[in-house]
Number of protein chains: 2
Amino acid sequence: MKPTIKDVAERAKVSPSTVSRVLTGVGYVSAATKEKVLKAVDELGYNPNGVARSLKRAKTQTIGVIVPDISNPYFVRVVRSIENCVSKSDYNLLLCSTDDNASKEETFLRILRERRIDGLIFAPSRLELGSALKPFLDANIPVVLVDRTITDVEVDTVVEEGEQSSYRLVQSLIEMGHERIAIVNSKPYISTSIERQRGYERAMLDAGIPIRPQYIQHGRFDQETGYLCGKRLFTLKDDRPTAIFATNNSILYGLMLAARELLIRIPEDISLVSFGDLEYSELIFPRVTAILQHPDRVGTTAAEVLLARLNHTHVEEVQKTRRIVLPTDFRCGTSVRNLRD
Amino acid sequence: MKPTIKDVAERAKVSPSTVSRVLTGVGYVSAATKEKVLKAVDELGYNPNGVARSLKRAKTQTIGVIVPDISNPYFVRVVRSIENCVSKSDYNLLLCSTDDNASKEETFLRILRERRIDGLIFAPSRLELGSALKPFLDANIPVVLVDRTITDVEVDTVVEEGEQSSYRLVQSLIEMGHERIAIVNSKPYISTSIERQRGYERAMLDAGIPIRPQYIQHGRFDQETGYLCGKRLFTLKDDRPTAIFATNNSILYGLMLAARELLIRIPEDISLVSFGDLEYSELIFPRVTAILQHPDRVGTTAAEVLLARLNHTHVEEVQKTRRIVLPTDFRCGTSVRNLRD
DNA sequence: CTGAAAGCGCTTACAG
DNA sequence: CTGAAAGCGCTTACAG
């Protein structure tokens with residue numbers, strides 16, 4: 001059987017308390033006993049039981065991370081930078097992908113609650129979560145939202161600017177003479193989706209361009225949506241759009257696949273802009289005019305906010321809720337045709 | 001304070017044992033008491049403590065996953081498919097990236113051992129791990145190696161065929177008249193690195209082509225290595241290679257970036273083949289002649305092997321160690337110039 | 001500097 | 001069908 005602290009204690013002829021003190025490094029222990037204990041630990045190949053420790057200490061050194069899709073390069077980088085940050089403070093990551101499925105999301109939240117994670121970093125699937133987060137907040141377990149926000153609970157949030165960035169992106173199309181501008185977006189109840197939509201609509205409105213319903217396509221933030229909506233838009237009979245706004249990297253990818261399949265050239269036949277860039281974009285032609293996001297910064301910032309909370313649980317300096325909106329960058333590519341030429 | 005099973009018991013006027021029986025669903029409980037208990041659970045917003053349960057049951061429902069780099073698309077997909085598989089059986093993933101750093105790797109192994117994971121899926125950073133895995137095997141915690149194998153311990157393994165695939169890849173270059181073929185590889189103590197090297201050397205040997213030392217570049221399985229070695233090879237004075245074999249996707253990416261920067265055209269100026277494909281390769285020109293891997297299959301298979309072990313811990317049908325080698329595919333692209341024309 | 005005792009919150013045979 | 005008791009393996013005041 002796996003040796004326990006008791007076994008170590010017996011072999012070193014001390015009490016379990018002393019072994020614990022040696023191993024945790026808190027409290028006084030004489031050099032001699034310390035040596036004895038360490039020797040016994042070594043001889044037995046003792047490995048302390050973290051589960052027991054967690055139960056006793058009511059701390060698991062675990063941070064839950066819930067994202068829509070760990071295979072999306074954006075979240076990959078968010079997660080990786082979170083890991084880099086928190087592993088220095090001895091936390092591990094429990095990782096979950098919801099596929100933006102509300103019921104999976106609820107299940108994961110319940111499981112992570114049962115597992116008594118110390119903190120949660122979460123990209124919620126919808127703007128109104130109802131009471132799903134309440135148990136965490138009630139139990140004083142810090143939660144940091146990333147990439148997406150919610151409206152019905154006050155909670156730390158780290159997102160990237162969405163509406164103004166989208167406005168600017170669409171404006172850049174309008175400046176090139178585009179009016180028939182379509183948007184391929186995700187659900188109208190995801191915060192990023194809403195903001196990007198709003199930027200689009202405001203840019204159109206400000207330019208006095210009417211928005212045609214058939215130019216507004218809603219699906220999910222995935223490649224399939226981009227592909228299907230792309231095919232639909234590309235094959236529109238009368239009023240094919242001259243430009244399309246892809247609201248995330250996966251949708252952009254799907255659109256480009258559809259264009260490639262239908263032999264539609266970018267930007268000659270249709271212009272493309274996107275929120276978020278493709279991985280390996282240096283090798284992809286044409287370079288898409290896009291809002292550049294900074295997933296590493298999002299992850300790092302979220303981790304820092306969370307760690308700050310984790311370190312001040314007792315202290316009365318309970319800072320108020322932080323809502324951090326990180327700036328994006330605009331990259332001008334070669335995916336937009338100038339219709340004014 | 002967070003309610004415990006005792007609080008629920010008191011409110012429902014039953015014993016904690018009974019509450020436990022209701023919640024776990026094992027053992028007999030009358031319909032009436034069951035209802036009482038569930039009502040109390042609901043009213044108190046009771047959420048059972050998984051840590052306590054884990055301690056008692058000596059099961060954590062946790063699977064540790066250690067990979068070199070969670071941001072490499074290959075491992076992203078391995079991890080994602082593992083998650084898909086094991087989440088159905090109520091396991092969660094504790095995720096760690098080692099950066100192929102032996103000391104980080106050891107630390108993670110120790111931490112996961114302390115955390116009493118139920119099983120481990122692991123892509124080891126070197127062929128000989130010494131005793132690092134021993135504690136797991138001694139404690140009867142199943143381990144499945146993915147992508148890479150080790151020599152000093154018998155353990156379940158799921159890898160993709162490496163030597164023969166590489167042989168074929170290099171052979172395809174030779175058939176096109178190439179002789180000055182370089183290889184950019186990772187460390188000579190990583191199994192995949194070794195196999196791919198062996199395939200290369202055997203193909204050269206069988207064709208009677210001498211191997212020039214300056215054509216063998218070793219670094220890491222990352223983009224930087226591809227980039228640096230690419231620059232070095234591209235700028236070789238006398239005997240610039242006519243073709244380069246990239247031993248993984250990241251190295252290929254680095255090579256292509258270097259080529260792009262130096263305005264070296266593929267395949268006109270230099271030919272390229274690779275083990276493993278780039279993400280988004282449909283959009284990247286030229287299509288690289290490559291060995292196609294199947295990370296989803298690797299992840300799924302590894303998860304299945306692990307789950308099988310997990311379900312037969314007690315039973316005496318302790319299957320012997322499995323070593324699964326999955327087949328790869330060969331894709332002929334347009335990145336190789338035919339020197340025989 | 002060290003040990004005895006209590007307790008973290010569950011589960012699980014064992015009686016009844 | 002239900003409850004009392006023991007115990008999982010630690011940590012942590014509290015005495016001494």
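Just so we're on the same page: letters track the sequence lines, and every chain starts at 1. Every heavy atom of this structure was used, including side-chain atoms; hydrogens, water molecules and symmetry mates were not. Being a predicted model, the structure only gives us computed values, none of them experimental.
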Q: Measure from CZ on A:Arg116 to P on C:dG9 and round the result to the nearest Å.
A: 9 Å
Q: So among B:Lys187, B:Arg148, B:Arg220, which one has a side chain to side chain donor-acceptor pair (under 3.5 Å) with B:Asp100?
A: B:Arg148
Q: From CG of A:Leu23 over to P of D:dT12, roughly how many Å is that when rounded to an integer?
A: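 After rounding, the gap between these two atoms is 13 Å.
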Q: Given atom NZ of A:Lys59 and atom P of D:dG9, what is their separation to the nearest angstrom?
A: 23 Å
Q: Output the rounded distance in Å from CZ (B:Arg115) to C1' (D:dG9).
A: 16 Å
Q: Provide, to the nearest angstrom, the distance between the CD1 atom belonging to B:Ile5 and the C1' atom belonging to D:dA6.
A: 15 Å
Q: Using the rule given for side-chain contact (heavy atoms from CB on, under 4.5 Å), can you reason through A:Arg126 versus A:Thr151, listing the C-alpha separation, both sets of side-chain angles and the distance that settles it, and then say yes or no?
A: CA-CA 9 Å; A:Arg126 52 197 200 285; A:Thr151 52; over 6 Å; no
Q: Sort by first number and list every stem of DNA chain C: at least 3 consecutive Watson-Crick or G-U wobble pairs, both distances under 3.5 Å.
A: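 Stems found: C:1-3 with D:14-16, C:5-12 with D:5-12, C:14-16 with D:1-3.
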Q: A:Leu44 versus A:Val8: any side-chain heavy-atom pair under 4.5 Å?
A: yes
Q: Return no unless some side-chain N or O of A:Ser17 is found under 4.0 Å from OP1 or OP2 of C:dG3.
A: no
Q: Using the test salt bridge (Lys or Arg N to Asp or Glu O under 4.0 Å), find all partners of A:Lys104 that sit at least two apart in sequence or belong to another chain.
A: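 If we apply the salt bridge (Lys or Arg N to Asp or Glu O under 4.0 Å) test to A:Lys104, skipping adjacent residues, the hits are A:Asp99.
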Q: Near DNA chain D, counting only heavy atoms under 4.0 Å, which residues of residues 33-55 of chain B show up?
A: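 Correct list: B:Thr33, B:Leu55.
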Q: Can B:Leu120 and B:Leu109 be said to form a side-chain contact (heavy atoms from CB on, under 4.5 Å), step by step?
A: CA-CA 9 Å; B:Leu120 173 66; B:Leu109 286 169; 3.8 Å; yes
Q: When you look at A:Ile66 and A:Thr98, which way does the side-chain contact (heavy atoms from CB on, under 4.5 Å) test go after all the steps?
A: CA-CA 7 Å; A:Ile66 305 182; A:Thr98 65; 3.3 Å; yes
Q: With DNA chain D as reference, determine whether B:Ala32 or A:Val19 sits nearer its 5' end, using the nearest nucleotide of each.
A: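 Here B:Ala32 is the residue nearer the 5' end.
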Q: Classify the side chain of A:Arg21 and the base of C:dG3 as holding, or not holding, a donor-acceptor pair under 3.5 Å.
A: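 Yes.
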Q: Does B:Ser15 or A:Arg57 map to a spot on DNA chain D nearer the 5' end, using the closest nucleotide for each?
A: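 Here B:Ser15 is the residue nearer the 5' end.
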Q: If we ignore angles and hydrogens, is there a donor and acceptor under 3.5 Å between the side chains of B:Ser54 and B:Gln61?
A: no
Q: Which one, C:dG3, C:dT12, C:dA6, comes nearest to the side chain of A:Thr18?
A: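 Selected nucleotide (nearest to the side chain): C:dG3.
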Q: NZ of A:Lys6 versus C1' of C:dA4: gap in Å, rounded?
A: 13 Å
Q: Regarding D:dG9, can its base be found pairing with the side chain of A:Lys56 as donor and acceptor, where the two atoms are less than 3.5 Å apart?
A: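 Flag unset: no donor-acceptor pair detected.
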Q: Whole angstroms only, please: what is the CD-C1' distance between B:Gln61 and C:dT11?
A: 14 Å
Q: The test is side-chain contact (heavy atoms from CB on, under 4.5 Å); show your working for A:Val76 and A:Val79 and say whether it passes.
A: CA-CA 5 Å; A:Val76 165; A:Val79 170; over 6 Å; no
Q: So which one's nearest nucleotide on DNA chain C is more toward 5', A:Ser30 or B:Pro3?
A: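 Looking at the nearest nucleotide for each, A:Ser30 comes out on the 5' side.
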Q: Given C:dT12, D:dG9, C:dA5, which nucleotide is nearest the side-chain atoms of A:Thr4?
A: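 So the nucleotide nearest the side chain must be D:dG9.
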Q: Looking at side-chain heavy atoms only, is the closest gap between A:Leu310 and A:Ile63 below 4.5 Å?
A: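 Of all side-chain heavy-atom pairs linking A:Ile63 with A:Leu310, at least one is under 4.5 Å.
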Q: Determine the contact category for A:Ser20: base if any of its heavy atoms lies under 4.0 Å from a base atom, sugar-phosphate if only primed atoms, P, OP1 or OP2 are that close, otherwise nothing.
A: base
Q: Going by heavy atoms in the side chains, are A:Ser20 and A:Ile5 under 4.5 Å from each other?
A: yes
